[in-house]
**Q** 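Sending over a structure as structure tokens; questions will come in a sec.
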Amino acid sequence: MKYLDEFRDSAAARGLLKEIRRAVTRPWALMEVCGGQTHSILRHGIDQLLPEGVELIHGPGCPVCVTPLEMIDQALAIAARPEVIFCSFGDMLRVPGSHGDLFQVRSQGGDVRVVYSPLDAMQLAQTHPSRQVVFFAIGFETTAPANAMAVYLARQQGLQNFSMLVSHVLAPPAMEAILRAPGNRVQAFLAAGHVCSVMGYHQYHQLCENYRLPIVVTGFEPLDVLEGIRRAVLQLERGEACVENAYARVVTEAGNQVAQQRVEEVFEVTDRAWRGIGLIPQSGWRLREAYQHFDAALRFAVGDIRTQESPLCMAGKVLEGRIKPNECPAFSTACTPRKPLGATMVSSEGACAAYYLYGRLPHTAVLVPEPRP
Amino acid sequence: MSLPNPASFVCPLPLRDYPHIVMGHGGGGQLSAELIEHLFLPAFGNTQLNRLGDSAVLASPPGRLAFSTDSFVVRPLFFPGGSIGELAVNGTVNDLAMSGARPLWLSAAFVLEEGLLLATLGAIVERMAAAARAAGVAIVTGDTKVVERGHGDGCYINTSGIGVVPDGAEIDSALARPGDVVLVSGYLGDHGMAIMSVREGLAFESATGSAPIESDCAALHTLVAAMLAAAPGGVHVLRDPTRGGAAATLNEIAASTALGIALNDDAIPVRPTVRAACEMLGLDPLYVANEGKLLAIVAPEAEQAVLGAMRVHPLGRDARRMGTVQAAPQGMVTVRTGLGATRIVPVPLGEQLPRIC
Amino acid sequence: MCLAIPGQVLDVYEANGARMGRVDFGGITKEVCLTFVPEAMVGDYAIVHAGFALSRVDERSALESLATFRELGLIEEELGITQPSEETAGEADTP
């Protein structure tokens with residue numbers, strides 16, 4: 001496939017790896033913000049090939065993992081209602097709430113369907129006028145234009161039986177929260193390329209300046225990820241800290257302003273809890289007042305469902321790279337991929353799940369970065 | 001190939017009086033008899049079945065018997081490249097073939113949902129009959145039950161099969177050895193992605209509007225026979241990677257033998273369209289179902305002979321080696337990535353789901 | 001966050017008040033909302049996420065990056081450090 005295959009070329013990857021090796025003179029800790037980047041890193045084994053000194057800390061950028069427990073519980077409550085067709089992206093179906101997941105709701109008679117796009121859910125609402133169609137609108141800035149457009153069109157068409165359970169999160173506040181955390185070890189960010197395709201990267205200059213760390217907008221294919229790492233390492237070695245764009249074929253400084261406008265029209269910034277991390281101020285989007293009648297939490301009165309995260313979970317510390325997953329007392333006992341307590345065990349890309357899974361492989365034990373003193 | 005049109009099935013009288021399956025079709029009375037006489041017998045008819053006894057009485061051939069059963073539930077009932085009818089025959093034929101057996105006889109049991117169009121059932125049965133003829137197996141006994149509307153997905157089929165294993169054919173996971181090679185008979189993931197392409201909410205097509213991916217549903221026993229003949233004793237293990245794909249099957253072999261299976265990412269055969277669909281939905285072709293592919297674990301010295309035999313067979317044209325059996329890491333399947341790193345192929349938890357992340 | 005892949009715009013039309021089009025991803029096509037990429041024309045590539053095109057792929061900068069990467073790759077090969085694995089040899093002809 002054009003623009004994918006070329007960016008997986010192994011000879012060029014080895015060249016980039018050599019450049020990185022040549023550049024590194026001491027240990028550096030980089031965080032790739034996005035779950036999609038983590039996926040690519042694990043899938044292609046990029047972390048195993050990096051020189052000893054370069055550590056990748058997997059960031060909180062998996063919308064599925066960070067969706068707070070109480071939001072899942074609200075989704076489960078709505079999906080169980082007989083009049084509801086509950087639509088979701090596939091990867092949300094297995095994420096456990098306090099009492100089971102969406103698969104279990106389905107097994108008990110709930111009408112839960114996997115869709116590729118929020119527009120598919122909207123279409124279901126049009127073809128099933130006697131049912132309530134609810135879309136689980138999770139995601140980062142990348143997914144927001146799609147979800148905003150679906151609500152926008154629903155309003156335009158006067159679609160009465162369509163609503164959204166919104167749990168949108170924003171990347172920059174989470175990045176700042178990580179930098180602010182005591183004992184933070186992140187020295188450079190690989191910013192999430194697809195978030196930036198929507199939002200641009202102008203908002204990172206301030207962060208970069210305030211915390212004096214390199215931020216490199218990075219894509220998802222192996223060559224993109226390696227190029228992001230190479231540029232971040234070069235900056236670190238030179239003692240520089242600036243915002244760079246290593247995903248220029250897709251991302252511009254200003255981002256997609258048409259999409260931003262639509263998002264701005266439909267959503268407003270709000271505080272948001274992140275699973276395993278806690279509340280981050282101004283780190284999410286919710287529907288604006290003009291669109292509130294599309295808010296499924298209000299329509300089905302589940303907004304008062306409040307759930308506490310497990311106090312055992314130390315996902316925050318894992319994300320900050322302060323402890324290894326297996327140093328958490330709950331690791332592989334109270335917390336496993338089948339019964340996860342926190343974000344990092346939920347998806348196979350999460351640091352804890354990866355450690356659980358890949359830690360069994362003797363000759364490549366260091367698939368999850370080891371914290372260094 | 002275009003989707004079958006159940007409406008083109010011409011149903012012989014007097015079934016036309018009932019365009020839909022009703023509870024009575026499973027009641028054992030006149031309606032049941034009409035269904036058998038006018039629908040099943042004309043399609044499947046053979047001397048055993050035509051006797052309509054409570055059981056088929058079969059002369060036991062020399063050799064060891066292989067016996068297998070499988071139930072088929074698929075939605076939609078007709079999909080690009082096949083239907084539940086072909087699946088029901090080929091699935092059980094392949095299960096028999098994976099122990100090296102020559103399949104001989106099948107049973108067919110239908111669970112029909114009240115309200116199923118008779119024409120749809122007719123089309124399914126016709127396709128089943130055609131698949132059985134192509135595979136050279138006889139459907140010698142059967143059963144039909146009807147469940148109330150809303151209690152089934154139109155049609156479920158169970159088939160059981162009996163085959164005979166020729167002397168000298170020893171196929172067993174326990175025979176896998178470190179150093180053996182892992183062969184695959186062709187492109188992986190066709191069936192699962194063909195089904196995905198017609199799923200509500202996920203559907204995709206080709207630029208011309210036709211089906212971009214067709215199911216690979218096929219009977220593999222003649223391919224197996226050719227492989228066994230090409231290298232007597234050289235084929236150690238045979239499996240057809242259906243649900244859970246090659247990843248699930250190879251993990252089962254690795255776990256049961258306490259050996260490691262090391263694959264090479266660049267050697268895993270995946271059609272460009274299947275790969276594209278997987279990229280789009282965030283799926284891994286190794287976990288996608290196949291219905292006409294086999295994985296073989298073969299002694300290294302037999303590799304060339306077996307591959308040669310596979311490649312001259314129509315169902316093995318694209319056969320290749322995609323990995324090796326190793327002593328370690330025990331019980332695990334790993335992939336060497338294009339960049340030269342190693343990653344684990346874990347056991348799938350359940351159905352693979354499209355991702356956004 | 002965010003699986004998004006590049007595809008080529010095959011056609012463009014209006015439907016239900018949105019700019020829509022069919023996009024080809026290596027031989028499979030999907031209806032995609034093109035409202036957010038008004039500049040994308042038939043033949044252009046765009047990054048698509050959850051049924052929405054988010055950004056037109058800029059061919060020039062793609063080629064520039066590739067040229068840089070290839071240079072690095074070529075230097076590597078001249079030094080002879082490449083290590084093709086055994087299964088790849090002659091077998092990796094996945095079309």
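Naming: A, B, ... by sequence-line order, numbering from 1 per chain.
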**Q** Given heavy-atom pairs under 4.5 angstrom as the criterion, report whether the side chain, backbone, both or neither of C/F52 touches chain A.
**A**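 For C/F52, side-chain heavy atoms alone lie under 4.5 Å from chain A.
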**Q** Output the option from A/A146, A/G139, A/G255, A/A13 having the highest count of non-hydrogen pairs under 4.5 Å with chain C.
**A** A/A146
**Q** Closest approach of A/C196 and A/Y201, non-hydrogen atoms and distance?
**A** SG-CB, 4.5 Å
**Q** For A/Q157, is it the side chain, the backbone, both, or neither that has a heavy atom closer than 4.5 Å to a heavy atom of chain C?
**A** side chain
**Q** Between C/L63 and chain A, which part of the residue has a heavy atom less than 4.5 Å away: side chain, backbone, both or neither?
**A** neither
**Q** Among A/T252, A/V198, A/L223, which residue has the highest count of heavy-atom pairs closer than 4.5 Å to chain C?
**A**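 Of the options given, most contacts go to A/L223.
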**Q** Report which part of C/L54 has an atom under 4.5 Å of a heavy atom belonging to chain A: side chain, backbone, both, or neither.
**A** both
**Q** Does any backbone or side-chain atom of A/L153 lie under 4.5 Å from a heavy atom of chain C? Answer side chain, backbone, both or neither.
**A** side chain
**Q** Of the backbone (N, CA, C, O) and the side chain (C-beta and beyond), which part of A/F89 lies under 4.5 Å from a heavy atom of chain C, both, or neither?
**A**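 The side chain, not the backbone.
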**Q** Is it true that A/K2 and C/D24 have a side-chain N and a carboxylate O under 4.0 angstrom from each other?
**A** no
**Q** Evaluate the ring planes of A/Y247 and A/H194, with Trp represented by its six-membered ring, and classify them as parallel (under 30°), tilted (30 to 60°) or perpendicular (over 60°).
**A**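 Rings of A/Y247 and A/H194: tilted, 30 to 60°.
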**Q** Please classify the contact between C/E64 and chain A as side chain, backbone, both or neither, with a heavy-atom cut-off of under 4.5 Å.
**A**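 For C/E64, no heavy atom lies under 4.5 Å from chain A.
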**Q** For the side-chain hydrogen bond (donor to acceptor under 3.5 Å, both in side chains) test, which of A/R249, A/Q37, A/R8 pairs with A/D224?
**A**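 One option only clears the test, and that one is A/R249.
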**Q** List for me each residue that meets side chain to side chain donor-acceptor pair (under 3.5 Å) alongside A/N147, sequence neighbours excluded, and say none if there are none.
**A**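 A/N147 satisfies side chain to side chain donor-acceptor pair (under 3.5 Å) with A/H168 only.
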**Q** How close do A/A125 and A/L159 get, counting heavy atoms only, and between which atoms?
**A** CB-CD2, 3.9 Å
**Q** Using 0.5 Å steps for rounding, measure from the CD1 atom of A/I277 to the SG atom of A/C65.
**A** 10.0 Å
**Q** Which answer fits C/R60, side chain, backbone, both or neither, if we ask what part of it has an atom under 4.5 Å from a heavy atom of chain A?
**A**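 Contact with chain A involves no heavy atom of C/R60 at all.
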**Q** If we define contacts as heavy-atom pairs under 4.5 Å, which of C/G7, C/G26, C/A50 has the most with chain A?
**A**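 Of the candidates given, the most pairs with chain A belong to C/A50.
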**Q** What is the minimum heavy-atom distance between A/P60 and A/W274, and which atoms define it?
**A** O-CZ3, 3.9 Å
